[in-house]
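Working notes, structure below.
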Protein chains: 2
Amino acid sequence: MEYTINKLAKLAGISTRTLRYYDELGLLSPARISSNGYRIYGQKEVDRLQQILFYRELGVPLQKIKNILAAEDFDAQAALESHLSALLAKRKQLDLLIANVEKTIKAARGEVIMSDQEKFKGFLQKLVDDNERQYGKEARAKYGDESVDSSNAKVLNMSKEQYSELEKLTAELNETLKVAFEQGDPASELAQKACELHKKWLCFFWNEYSKEAHIGVTQMYVDDPRFTAYYDKIAVGCAAFLRDAVKIYCK
Amino acid sequence: MEYTINKLAKLAGISTRTLRYYDELGLLSPARISSNGYRIYGQKEVDRLQQILFYRELGVPLQKIKNILAAEDFDAQAALESHLSALLAKRKQLDLLIANVEKTIKAARGEVIMSDQEKFKGFLQKLVDDNERQYGKEARAKYGDESVDSSNAKVLNMSKEQYSELEKLTAELNETLKVAFEQGDPASELAQKACELHKKWLCFFWNEYSKEAHIGVTQMYVDDPRFTAYYDKIAVGCAAFLRDAVKIYCK
DNA sequence: TTAAACCATTACGTAACGTCAATGTCAACT
DNA sequence: AGTTGACATTGACGTTACGTAATGGTTTAA
């Protein structure tokens with residue numbers, strides 16, 4: 001079957017400008033030019049255009065598509081398989097976003113509470129996306145640590161970057177708190193700095209910070225044995241020390 | 001919680017450039033500017049950004065997003081519901097595309113044969129409804145993608161207030177048209193008033209009105225059995241009558 | 001205190017087309 | 001035979017939504 005530019009455009013649901021542009025780029029040249037100068041596309045071009053649109057749908061730049069299709073070791077069959085898995089991944093992400101909207105609706109009704117982090121779940125994040133695609137399975141096999149990290153980050157609904165920032169902050173908080181505790185004065189400058197770090201740390205999980213809540217949560221550290229155990233691992237009595245320091249900090 | 005530009009960008013998975021650009025457009029201004037000139041974003045801005053990204057995900061131009069959010073009768077709840085249905089539609093389309101790839105793989109193996117038409121299934125941003133898909137496609141081909149797409153977006157984001165006004169207008173249009181039709185003269189004052197009401201009615205869906213488009217759409221009422229049926233329910237021959245009246249109205 | 005990390009503005013660059021404008025070609029009516 | 005209207009061509013400039021310096025002030029960590 002042969003197609004003029006308009007026929008092909010309508011078939012594929014794109015504009016004639018797009019086809020001329022693809023010709024200009026050398027991405028999709030017509031099979032031949034008829035005597036009157038019209039572009040005539042054939043079967044091969046139809047199939048190539050389909051390939052191009054698959055890639056375009058996945059956000060691959062046209063120049064890159066050109067390179068991919070031009071590569072001598074290009075395997076159409078393998079490409080299709082990879083399209084398939086990419087599209088399935090895209091659907092997964094879309095499901096995330098749908099869940100996000102559903103939850104946002106509930107949150108607006110006051111039925112649930114949403115963290116700021118959650119609010120941006122499901123939007124395509126370029127960095128994560130790129131990393132995943134570039135390294136894929138190989139990186140995962142190589143770096144065991146990172147896979148643990150990213151799974152943690154997933155639980156907390158954070159990006160890897162955010163998670164590592166949290167880890168850094170946690171370490172700093174613990175260190176500061178330890179030294180301040182050894183000095184023994186909840187009003188000391190260092191203890192107050194620990195409070196500030198703790199506030200920052202809390203803000204990773206909270207949308208709205210308030211002094212009352214800050215005091216409340218540190219009191220809970222003392223009352224709830226699970227939290228007490230965590231903070232007392234730094235030093236016995238540390239949970240109570242933090243509570244006292246925060247009381248001063250929030251005064 | 002307050003965020004600097006970098007914090008918010010990381011939270012939302014976008015670039016700081018994007019946030020500055022949105023500020024420049026007046027689409028998302030910071031809550032305040034700190035003494036050192038830094039942009040500071042608050043809770044309200046976080047939520048607004050989420051809204052913006054929902055729209056952006058659906059391909060709505062930033063200027064349009066701005067208008068939508070600025071509309072005094074903007075209904076956040078209704079907008080979320082419309083996001084949801086739009087995303088579900090997108091997932092349906094994605095499923096189509098996935099089916100396309102799967103079939104293409106089979107076709108490459110020689111297991112099935114694919115028509116050229118089938119090869120481009122799933123790429124178009126078609127309407128969800130099966131019935132509407134066919135007519136939507138026709139309208140697209142005839143009157144351009146933009147007017148159809150934007151009319152959909154407009155319908156989806158209509159507030160209850162707007163909707164009831166539309167209903168009222170529809171009733172008035174139908175009544176006027178009916179009486180004018182019974183009088184039989186497309187040039188009559190009443191028929192011309194019907195045209196004006198019809199124009200008003202169209203402007204509920206169109207961003208830009210033109211005489212050509214007005215004539216075009218009434219011609220479509222005659223050509224398209226679905227629309228003909230609708231207008232002929234008022235009175236047989238009514239679709240053609242409206243077209244004739246509009247031709248005079250736009251002259 | 002000195003580097004690193006962030007912030008600002010200004011301004012030019014870009015991808016993937018959209019949108020004229022000017023002109024040529026072709027099939028179909030009148 | 002002439003006109004109309006749909007469709008084709010090649011420029012060439014416009015647009016959207018940012019990316020990417022360049023240049024310089026500010027805050028934080030070592």
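Below, chain A is the first sequence line, B the second, and so on; all start at residue 1. In this text the structure is predicted, and so the values were computed from the model without any measurement.
Residues forming a ring pair (Phe, Tyr, Trp, His ring centres under 6.0 Å) with B/Phe54 (at least two apart in sequence, or on another chain): A/Phe123, B/His83. With sequence neighbours excluded, the residues that form a side chain to side chain donor-acceptor pair (under 3.5 Å) with B/Lys119 are A/Asp47, B/Asp116. Listed by chain and number, the residues in a side chain to side chain donor-acceptor pair (under 3.5 Å) with B/Ser29 amount to none (sequence neighbours excluded). For B/Thr4, the side chain to side chain donor-acceptor pair (under 3.5 Å) test picks out no residue, with sequence neighbours left out. With sequence neighbours left out, A/Leu69 forms a side chain to side chain contact (heavy atoms under 4.5 Å, CB included) with A/Arg48, A/Gln51, A/Ile52, A/Tyr55, A/Ile65, A/Phe74. Looking at residues two or more places apart in sequence or on another chain, you find no side chain to side chain contact (heavy atoms under 4.5 Å, CB included) involving B/Asn67. Take A/Arg17 and apply the side chain to side chain donor-acceptor pair (under 3.5 Å) test, not counting sequence neighbours, and it matches no residue. With sequence neighbours excluded, the residues that form a side chain to side chain contact (heavy atoms under 4.5 Å, CB included) with B/Ala245 are B/Pro186, B/Ala191, B/Gln192, B/Cys195. In this view, B/Ile33 and B/Pro30, B/Arg39 satisfy the side chain to side chain contact (heavy atoms under 4.5 Å, CB included) rule, not counting sequence neighbours.
The separation between A/Leu53 atom CG and C/dC17 atom C1' is 14 Å, rounded to whole Å. If you take CG of A/Leu8 and P of D/dC7, they are 15 Å apart, rounded to a whole angstrom. At whole-Å resolution of the value, CG in B/Leu27 and P in D/dT16 are 14 Å apart. As rounded to whole Å, 15 Å separates atom C1' of C/dT25 from atom CD1 of A/Ile33.
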What N/O pairs connect the protein and nucleotides 28-30 of chain D at under 3.5 Å? Give each pair on its own line.
none

> Taking protein heavy atoms under 4.0 Å as touching, what does nucleotides 2-16 of chain C look like 5' to 3' if B marks base contact, S marks sugar-phosphate-only contact and - marks none?
Replying inline: ----BSSB-B----B

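Consecutive Watson-Crick or G-U pairs involving DNA chain C, each under 3.5 Å on both distances, make up stems of three or more pairs at C:1-30 with D:1-30.
Remark: side-chain polar atoms of A/Gln93 are paired, donor with acceptor, to backbone N or O of A/Gly122 under 3.5 angstrom.
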